[in-house]
Number of protein chains: 2
Amino acid sequence: MAGEDRKHQILAVAVRLFSERGFRGTTTKEIAQTAGVSEAMVFRHFATKQELYAAILDHKACTTGWKFEPAEMAADAISRRDDRAVFEELALAALQHHQDDPDFQRLLLHSALEKHELAQMFFDQFVLRVYDFLGSYIRERQREGAFVEMDPAIVVRAFIGMVMHHSLNNNLWDPTRRLLKISNEEAAQHFTNILLNGITAPMSNSEDRRVVEANGNASNQEFKE
Amino acid sequence: MAGEDRKHQILAVAVRLFSERGFRGTTTKEIAQTAGVSEAMVFRHFATKQELYAAILDHKACTTGWKFEPAEMAADAISRRDDRAVFEELALAALQHHQDDPDFQRLLLHSALEKHELAQMFFDQFVLRVYDFLGSYIRERQREGAFVEMDPAIVVRAFIGMVMHHSLNNNLWDPTRRLLKISNEEAAQHFTNILLNGITAPMSNSEDRRVVEANGNASNQEFKE
DNA sequence: GTCTATAAATAGATAGAC
DNA sequence: GTCTATCTATTTATAGAC
């Protein structure tokens with residue numbers, strides 16, 4: 001097999017094993033065996049185990065990772081002031097990403113627990129910017145009178161919490177979906193609905209208020225009577 | 001030092017180290033050194049490293065752990081149908097617990113990632129019951145017309161997501177609180193408020209609606225006009 | 001109870017033949 | 001490129017003296 005191909009193959013194997021067992025929990029021997037080569041081959045392509053780990057992080061950061069610009073996300077919905085679409089699109093993108101690449105979330109968690117640089121990198125280059133980006137939108141909408149006054153960071157924390165925790169359940173705690181079996185689309189809709197409207201029912205004698213049920217771009221017009 | 005005391009001391013050290021570096025990431029030598037004894041002492045009290053880990057899990061499960069009955073929580077608020085108090089109390093208890101014992105959450109995460117039995121145990125004996133318990137309450141309130149119709153599991157997922165993710169940020173991702181500095185009480189109030197009312201502002205020409213701002217047991221009366 | 005010394009296995013990493 | 005063989009350090013675990 002050609003050099004680069006083999007290198008990629010070893011990398012792919014390592015991603016899977018590191019995401020499953022963590023850095024210290026994975027041996028170079030295991031990686032070699034799973035890749036069907038000798039240990040010497042691993043060290044031919046990556047001088048040290050640490051270098052292999054770093055290569056994974058780079059790879060993840062550049063490909064599947066957070067290279068997608070938060071500022072570019074949901075740009076259309078944002079300009080339309082379609083709150084429902086904004087949150088739903090962001091949630092769906094995240095849920096889909098975590099579903100398509102479950103290794104990513106595990107790798108990230110391992111990194112955070114092991115206090116590896118990836119965790120810090122991810123936090124600085126992605127999480128901070130998401131809070132900034134989403135927070136700005138929320139602040140604007142508050143000024144426009146669409147959202148109640150409240151530290152935008154709390155709102156971001158709450159929403160991301162719903163989404164991330166759902167992915168964490170799907171990927172880590174409850175992969176067989178014992179607690180909740182639901183499509184990403186539905187999940188994104190429900191979380192958005194809860195964030196925007198809460199779960200308290202409108203009073204029974206004015207049933208026409210807040211009738212939206214997470215469909216389309218009804219946005220926040222539903223309070224008009 | 002007496003046998004049991006020493007055993008407890010080693011256990012305590014091991015809890016901290018395992019929670020920081022995980023099972024495979026912690027060596028028996030480190031444990032011994034940190035405890036100020038020789039490695040032989042560790043193996044005198046715990047035949048194998050695995051046995052030490054198991055002892056930790058038992059200890060955590062029985063003491064700090066989830067031995068507090070979910071069914072007993074917020075019993076008073078539940079009987080009063082004080083939704084705000086119900087969710088706020090549960091959130092506060094969880095946040096407080098995670099703050100008082102951050103090792104617990106890390107240990108649990110390591111276990112889940114390493115697919116250790118603790119994770120399964122915790123899920124079966126605690127998570128399932130919380131969903132059951134909170135889900136039942138939500139279902140009742142839906143029948144009473146207080147909450148909108150929606151799979152209760154989704155509501156539980158959303159609320160627990162906000163709370164757990166907040167703790168995860170505090171303990172793991174953002175211990176210096178760069179993103180959000182807030183007391184547990186405030187966090188519990190805000191998350192509860194979002195869950196019950198969402199963040200959409202009432203229309204400006206009827207400002208007297210939904211004026212609650214997370215104070216006391218106003219509950220869900222705020223839609224009356 | 002506690003230690004030092006050490007065994008046995010496994011880890012990461014290298015040498016050198018093909 | 002790929003392998004086998006090997007080196008060195010570390011890790012779990014034990015023996016036996018005090």
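Note that the structure is a prediction, hence the values are computed from the model and not measured.
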State which of C/dT2, D/dT2, C/dG12 makes the closest approach to the side chain of A/Thr28.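 The answer is C/dG12.
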A/Phe43 side chain, from C-beta outward: closest of C/dT2, D/dT12, C/dA13: C/dA13
I need the [atom1]-[atom2] distance between [X] and [N], as an integer number of Å.
| X | N | atom1 | atom2 | value |
| --- | --- | --- | --- | --- |
| B/Lys49 | D/dT11 | NZ | C1' | 8 Å |
| B/Phe23 | D/dT11 | CZ | P | 14 Å |
| B/Gln33 | D/dT10 | CD | P | 12 Å |
| B/Lys29 | C/dA11 | NZ | C1' | 14 Å |
| B/Met41 | D/dA13 | CE | P | 17 Å |
| B/Ile10 | D/dA13 | CD1 | P | 14 Å |
| A/Arg6 | D/dT2 | CZ | C1' | 9 Å |
| A/His45 | D/dG1 | NE2 | P | 7 Å |

Would you indicate what B/Thr27 reaches in the nucleic acid, counting non-hydrogen atoms under 4.0 angstrom: base, sugar-phosphate, or nothing?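 Contact class for B/Thr27: sugar-phosphate only.
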Using 0.5 Å steps for rounding, measure from the CD1 atom of A/Ile182 to the NE2 atom of A/His190.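 With rounding to 0.5 Å, CD1 (A/Ile182) is 4.5 Å from NE2 (A/His190).
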Taking atom CZ of A/Arg84 and atom OG1 of B/Thr200, what is their separation to the nearest 0.5 Å? 7.5 Å
Look at the rings of B/Phe87 and B/Phe147 and say which category their plane angle falls in: under 30° parallel, 30 to 60° tilted, over 60° perpendicular. tilted
Taking the nucleotide of DNA chain C with the nearest heavy atom to each, does A/Ala40 or A/Arg24 sit closer to the 5' end? A/Arg24
With a 4.0 Å cut-off on N to O distance, would you call A/Asp151 and A/Arg157 a salt bridge? no
Report yes if at least one side-chain N or O of B/Arg44 is closer than 4.0 Å to OP1 or OP2 of C/dT2; otherwise report no. no
